[in-house]
Protein chains: 2
Amino acid sequence: MDDRLIQTFRVFQRTVTREVGALQENFLGRGRPYGVSRLLWEMGDGPVEVATLRERLGLDAGYASRLLRALEDEGLVTVSPSPDDARARVAERTEAGRAEAAELDARSDDTAAQMLAHLDEEERREVERAARTVTAALARRHLVIDVEAPDSADAWWCRDQYFAEIDAIFASGYDPAAAVQATDDDLTMPRGALLVARLHGQPVGCGAVKLPAEGPAHLKRMWVSPAARGLGLAATMLERLEAIARDAGATEVGLDTNSALVAATTLYESRGYAQVPRFNDETHADRWYLKRLEQR
Amino acid sequence: MDDRLIQTFRVFQRTVTREVGALQENFLGRGRPYGVSRLLWEMGDGPVEVATLRERLGLDAGYASRLLRALEDEGLVTVSPSPDDARARVAERTEAGRAEAAELDARSDDTAAQMLAHLDEEERREVERAARTVTAALARRHLVIDVEAPDSADAWWCRDQYFAEIDAIFASGYDPAAAVQATDDDLTMPRGALLVARLHGQPVGCGAVKLPAEGPAHLKRMWVSPAARGLGLAATMLERLEAIARDAGATEVGLDTNSALVAATTLYESRGYAQVPRFNDETHADRWYLKRLEQR
DNA sequence: GCAGGTAGTTGACTAAAGTCAATGATATGG
DNA sequence: CCATATCATTGACTTTAGTCAACTACCTGC
């Protein structure tokens, strides 16, 4: 491999470990041992199987148990038997735990802001772009996108996240019952497909396509977790979904969306989707797009 | 500050800590405790005062002493009394220590290469550029450039590094005695100036300008340590030196260099230096440049 | 040549990080 | 329902990281 790249990367590594590492220790040091803070920080909201958590962070069973106990004693998490398997346990942040995690996030952001404070407007834009590029390159190895059954646990989780997020964004909320429905069958081949994206094994995004017998294919549930934004994930999923539609013989892909989802509309427009008049009665939508698929 | 930048940076931080951190622990874990490896890795070749080392790595005196003892027991470093001050001690890698450090470097590069192996040519170029940008932004806070007396310890050190490096690059070596000399007076105001750049307090580069009463100012000893390349440091020093020359009334700056120093010639050319015929009898040079200074 | 300061070493200690095997509760396949 | 495997917890342990103060050797200014 190119020597100059390696040389650059070596300096990058040193600098970044130093800076970001210092930052990390700084904001995660809150009277608690580092390991304890890190666990609280990385576990995420929502219940997680302890085994999953352990594997994700690469912890020994005994050690993880103790760390969780410490958090439990502080009232920051609850650990309860898993509903599926009474041997296994699931951990979840309490209200206080969520608050503390938010505090850690805020501190992390503060220190990051400090680190970038001396840059002017243009430099910031450049650094932002550069940080995205590097992040995407590093994360790519751990990013996998798979066709998945719509009733899998991770598919459900992504859907719930998606609904919760647009519910928060739309002024009048989001009511799944009022929306144009897609059954599990609609998103299973041959009638459609659902993709789930995972980063380090954690679900971080989804996207689906319906393949009606007649007319354009229809995209649904395009969602990327905040934890994985800026990696070009949405664009990759879009390409995969279009490929699925093309392979199924579709000549067009359509979708409905809302102008409040700026990132989404920007993506669609940059990928050749043209705005068209309303073509379905989705109540939450105020924009409709269509794209011709090039046959290969 | 811009929220999107912070969001991007948050993801960047997580990814990079994870990746680069994993890398670090991976390659520094060689049967030795991490702290010991790190010390060996970061001490550099050449003798260092133990106090300097300690301060650079932020170590407690007792702790540092023990780490050095561990390395000494393994035969990787020698610790001997400082020639200047019999209380102080200087540490230096042994032959085996250098080999081990080289091994660590190689492993570090290997893992970095692995990390970037899945990228294609164009992506690599992009990542390289991006890594530079981020590194420069992060390092900038810790980078200071000062006018310095040419006989200061750090100025000497930089000069030695510079000579050693070009000696290694030039096919026929570099003989300071055969070169056009600059005395300490020549590089002290009002007859000239010497800049020393420091990253985290460590000298990482130098550059000097001679200001003869008549004719163009003359640049000398432009050098940037490998540890600080890609930060735009040379360009910054160049600007500072030109500003000094301009302030002293010079209307032109000239320099001699060698075409083997590709990075240098590229820099000069991109900064408006035009190649001119030989104008001095520097034996090591095969190129001469000149630039008109815009008066302000 | 002595007072006061500085550099590094050493012993004694603590906290954190991490490992391992035994244990008890629960699941699963036959 | 029994043998076997899995899951988390617990106790007992080791290693690593790091701190602090006492101490010795040495330097510097007066």
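Computed from heavy atoms alone, side chains included, the values below leave out hydrogens, waters and symmetry copies. The model shown is predicted, which means the values in this text are computed figures rather than measured ones. Labels below follow one simple rule: chain letters A, B, ... track the order of the sequence lines, proteins then strands, and each chain is numbered from 1.
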- Could you check if a side-chain atom of B/L138 sits within less than 4.5 angstrom of a side-chain atom of A/V16, using non-hydrogen atoms only? yes
- Message: Less than 4.0 angstrom from a charged side-chain N to a carboxylate O is my criterion; do B/E74 and B/R32 meet it?
- Response: yes
- Note on the structure: Rounded to 10°, the helix from C/dG1-D/dC30 to C/dG30-D/dC1 deviates from straight, judged by its five-pair end axes, by 30°
- Query: Heavy atoms, side chains only, cut-off 4.5 Å: are A/L143 and A/R198 in contact?
  - Reply: no
- Should B/R54 and B/E49 count as an ion pair when the cut-off is N to O under 4.0 Å? no
- Quick one: B/D84 CG to C/dG8 P, roughly how many Å, whole number? 12 Å
- Value in whole Å for how far the C1' atom of C/dT6 lies from CD of B/E49: 13 Å
- Query: How many Å lie between CG on B/L67 and P on D/dT16, as a whole number?
  - Reply: 11 Å
- Task: Please tell me which of A/G58 and A/R32 maps to the more 5' nucleotide of DNA chain C, matching each residue to the nucleotide holding its nearest heavy atom.
- Result: A/R32
- Message: Just the rounded figure in Å: distance from P of C/dA17 to CZ of A/R38.
- Response: 10 Å
Polar atom pairs (N or O), protein with nucleotides 9-13 of chain C, under 3.5 Å:
from	atom 1	to	atom 2	distance (Å)
C/dT9	OP1	B/R69	NH2	3.2
C/dT9	OP1	B/R89	NH1	2.6
C/dT9	OP2	B/S65	OG	2.9
C/dT9	O5'	B/S65	OG	3.3
C/dT10	OP2	B/R69	NH1	2.8
C/dG11	N7	B/R66	NH1	3.4
C/dG11	N7	B/R66	NH2	3.4
C/dG11	O6	B/R66	NH2	2.5
C/dA12	N6	B/R66	NH2	3.3

- Query: Do B/V36 and B/L71 pass the side chain to side chain contact (heavy atoms under 4.5 Å, CB included) test, and can you show the C-alpha distance, the side-chain angles, and the key distance before you say yes or no?
  - Reply: CA-CA 7 Å; B/V36 179; B/L71 286 170; 3.5 Å; yes
- Nearest whole angstrom, please: distance from the C1' of C/dA7 to the CG of B/L59. 16 Å
- Among residues two or more places apart or on two chains, list those pairs meeting ring pair (Phe, Tyr, Trp, His ring centres under 6.0 Å) that have a residue in residues 40-67 of chain A. A/F27-A/W41
- Message: Ignoring hydrogens and geometry beyond distance, is a side-chain donor-acceptor pair present between A/D186 and A/T183 at under 3.5 Å?
- Response: yes
- Note on the structure: Residues passing the salt bridge (Lys or Arg N to Asp or Glu O under 4.0 Å) test with A/R38, sequence neighbours excluded, are A/E42
- Task: Send over the distance from A/E72 CD to D/dA8 C1', rounded to a whole Å.
- Result: 12 Å
- Figure out the CG/P separation between B/L57 and D/dG18, and round it to whole Å. 11 Å
- Task: Tell me yes or no: between the side chains of A/R132 and B/T8, is some donor less than 3.5 Å from an acceptor?
- Result: yes
Using the 3.5 Å cut-off, write out each protein N or O paired with an N or O of nucleotides 24-26 of chain D and the distance between them.
none

- Query: Among all residues two or more places apart in sequence or in another chain, which pass the side chain to side chain donor-acceptor pair (under 3.5 Å) test with A/D160?
  - Reply: none
- Item | Nearest heavy-atom neighbours spanning B/A130 and A/T133 | CB-CB, 3.7 Å
